[in-house]
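Comments concern the structure below.
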Amino acid sequence: MKRKHRCPVRRTKKSQGKIPSFKNNFYILNLIWKIAPGRVVLTFAVQLVSFASWTFYSVVFMRYLFGSDSGGRTFGEAIVFVWIVAAAGILQYLLEAWFYMRYTPLTDIRIHYAMNKMLFDKAVSVDVSSWADPEFYDDYTRATGEAMSRGLSVVWSMGEFVAAVLAAAFVIATMCDITWISIPFLLFPVLGQMVFYKRVWEKNFQCEQAQIPYKRRYDYVNRTVYLKQYAEEMRLTHMYDIMTDTYESAYKNIKKVIHQFSLVRMVNGVIGGILCYPLAFQGMWLCGAILVMVTKTLSLGDFVVLSSAIVSANWMLDDISQSFNKMYENGLFADNLKRFLNYQSKMDETAPGAEPTLPIQTIELKNVSFRYPGQSKYALQNISMTFESGKKYALVGLNGSGKTTLVSLIMRLYDPTEGAIYVNGIDIRTYDIQKYRSLIGTTLQDFSIFAATVLENVKMGALQTEAERAACMEALSQAGMLERVQKLQNGPDTILTREFDEDGAVLSGGENQKIAIARAFAGNAPIVILDEPSSALDPIAEHQVYETIARLCSQRDPSRGKISVIISHRLSSAALCDYIYVLQNGTLAEQGCHAQLYAAGGIYAELFTRQAKNYQEENTNA
């Protein structure tokens with residue numbers, strides 16, 4: 001049976017309200033101005049020169065040579081005039097060639113870099129919970145997907161609009177000067193462009209917006225099918241069928257949206273086209289022919305000028321309409337960008353705060369409850385626990401019991417919904433968030449390996465000093481990876497992954513996990529949090545790693561303190577810790593040392609006994 005994916009377009013009060021789309025163009029223009037003011041000035045200048053040239057050739061040039069007042073000019077004057085015009089045309093060509101072929105590519109990449117950097121800075125400044133907000137993620141998708149193209153489009157459209165209005169005004173004035181009868185034929189393209197074509201542009205934008213939720217599914221499948229990390233499982237399972245069902249469903253919904261808007265776009269486009277072309281062009285030419293041939297109130301030269309002018313006027317009005325509608329569309333996009341850049345997250349990653357004092361002596365959770373954004377069920381409820389310096393703590397429990405959520409709160413990736421967390425007796429929300437997190441060495445359960453050197457993947461940043469390099473090398477040694485790393489082509493300076501370098505190293509899952517473990521100890525952090533640090537290791541390597549972890553966690557610098565928190569499904573590792581907290585369904589079910597909990601015969605004892613029995617059976621069968 002085919003899976004049905006429904007992803008309706010949400011219509012919030014915000015999206016229903018009136019959007020100041022044209023005002024938003026100035027918001028984007030201001031962003032571009034701050035990045036490359038010369039690009040704005042020169043774009044407007046080139047547009048003005050282009051439309052001035054167009055106006056000159058279609059009206060002034062024709063009227064000078066063929067208009068009713070051109071009879072007194074000699075052939076020699078006409079030749080001089082043509083040569084002057086040709087020289088000016090060459091200068092214009094040189095200007096435009098420099099602008100489009102040299103200046104534009106250089107400023108394009110500058111604007112692209114600066115705008116994306118601005119979006120990157122915003123993306124990393126919002127708290128992690130923002131990514132669980134569909135509205136925020138939709139704004140982010142729209143903003144990052146079109147920031148560059150829309151930014152340049154705003155500059156171009158506004159320049160084109162100003163230049164086209166000035167040029168059209170001159171052409172229309174010239175036509176009216178020749179005969180006032182041309183006015184009705186100018187109204188047809190105005191009506192066609194400003195009313196019917198405008199509706200086409202509006203529907204185009206609405207159609208694109210309605211497709212976004214489905215395109216996200218469509219693009220997700222496009223990415224997934226080609227990524228190595230999914231290749232094996234899709235070949236060994238039926239997940240490819242689910243992916244293709246998702247792809248097909250997204251395709252059908254996109255097609256449905258396009259069909260929904262196609263008729264109204266076609267009708268408005270046809271009416272607009274009839275008004276702009278047959279009625280305006282043929283109507284003006286027929287009227288001009290009557291004035292020349294029947295009433296004889298218009299000279300043949302003026303008819304030539306009028307015929308050329310009506311074509312230019314129509315196309316200029318078309319440019320005005322398109323640039324106007326493009327400005328409207330860009331303004332709607334800019335509203336997405338503004339919402340993203342002005343998004344106020346619950347936790348401001350850049351907000352100033354107090355600097356934590358050393359040594360770290362205690363971490364205390366008091367009546368902490370937490371639920372994820374948009375969820376009604378609590379992931380943690382009324383948790384109170386204390387971590388003291390010099391001790392190793394284990395968090396154990398079944399999947400979904402809240403272990404990773406709890407350490408995420410300690411790392412301040414989220415803030416508690418209720419209650420508070422204190423370090424050295426001070427609410428961690430009062431600390432500078434970056435300085436606070438710098439005190440924590442972590443190995444995450446879903447860690448990532450980046451396309452950077454081995455040492456940069458350990459340091460998780462650029463190495464500034466030889467001391468930092470030495471610390472990373474020592475951490476690799478402690479994690480049991482130094483010998484393997486030294487055998488790589490460039491040793492610890494080898495790039496990991498082959499994303500950018502064909503000579504990059506691709507490590508095994510266990511080796512990558514050892515790199516991740518080394519991160520936790522590379523900076524001599526006073527708080528160490530290890531979330532499932534051995535999930536990709538074999539039993540022997542796992543035992544060695546936990547002995548190493550236990551030794552490292554016991555190395556306490558009195559000036560900094562040392563609190564170690566380990567999450568592990570391997571309860572044999574919990575037995576190496578000084579104190580154990582047992583979580584169940586988001587609540588604190590048991591606590592104590594291994595001997596106490598085992599003797600109590602509760603949840604921990606049952607889990608430990610069952611796991612030990614399974615491990616013994618595995619060894620017996622082996």
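As the structure is a computational prediction, the values presented were derived from the model and not from experiment. Residues: numbered from 1 along the sequence shown.
A salt bridge is absent between Arg216 and Asp219; no separation between the charged side-chain nitrogens and carboxylate oxygens falls under 4.0 Å. Using a cutoff of 4.0 Å between basic side-chain nitrogens and carboxylate oxygens, Lys391 and Glu388 are scored as salt-bridged.
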CA sep, side-chain torsions, deciding dist, call: Phe450, Ser448, side chain to side chain contact (heavy atoms under 4.5 Å, CB included): CA-CA 6 Å; Phe450 294 89; Ser448 298; 4.1 Å; yes

Please evaluate residues Val396 and Leu583 with respect to the criterion side chain to side chain contact (heavy atoms under 4.5 Å, CB included), reporting the C-alpha separation (whole Å), side-chain torsions for both, the decisive distance (0.1 Å), and the verdict. CA-CA 6 Å; Val396 302; Leu583 297 178; over 6 Å; no

Stepwise ring pair (Phe, Tyr, Trp, His ring centres under 6.0 Å) test for Tyr581 and Phe387: CA-CA 10 Å; Tyr581 289 110; Phe387 304 90; 5.5 Å; yes

Using side-chain hydrogen bond (donor to acceptor under 3.5 Å, both in side chains), reason through Tyr218 and Tyr247 one step at a time and then give a plain yes or no. CA-CA 5 Å; Tyr218 195 81; Tyr247 197 67; 3.1 Å; yes

Tyr598 vs Phe608, test: ring pair (Phe, Tyr, Trp, His ring centres under 6.0 Å). Steps then yes/no. CA-CA 8 Å; Tyr598 190 76; Phe608 187 90; 5.7 Å; yes

Start with the C-alpha gap between Arg437 and Asp432, add the side-chain angles, then the distance that decides, and say whether side chain to side chain contact (heavy atoms under 4.5 Å, CB included) holds. CA-CA 9 Å; Arg437 287 180 184 159; Asp432 180 290; over 6 Å; no

Test side-chain hydrogen bond (donor to acceptor under 3.5 Å, both in side chains) on Ser477 and Glu474; report intermediate values, then the result. CA-CA 5 Å; Ser477 177; Glu474 176 62 22; 4.8 Å; no

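Interatomic distance, Leu476 CG to Arg484 CZ, rounded to the nearest 0.5 Å: 12.0 Å. The distance from the CG atom of Asn457 to the OG1 atom of Thr494 is 11.5 Å, given to the nearest 0.5 Å. Note that OH of Tyr579 is 12.0 Å distant from CG of Leu395, once rounded to the nearest 0.5 Å.
The number of heavy atoms from other shown groups lying within 6.0 Å of OH (Tyr27) is above 12. In the displayed structure, Tyr378 atom OH is contacted under 6.0 Å by more than 12 heavy atoms of other residues, nucleotides or ligands. Shown here is Tyr372, whose OH atom has more than 12 heavy atoms of other residues, nucleotides or ligands within 6.0 Å.
The salt bridge (charged side-chain N to carboxylate O under 4.0 Å, His left out) pairs that include a residue from residues 359-384 number zero, where partners must be two or more places apart or lie in different chains.
In this model, a donor atom of one side chain and an acceptor atom of the other lie less than 3.5 Å apart for Thr404 and Asp531. For Asn116 and His112, the side-chain atoms include at least one donor-acceptor pair closer than 3.5 Å.
No side-chain heavy atom of Val458 sits less than 4.5 Å from a side-chain heavy atom of Thr453. Between Cys577 and Tyr393 the shortest side-chain heavy-atom distance does not fall below 4.5 Å.
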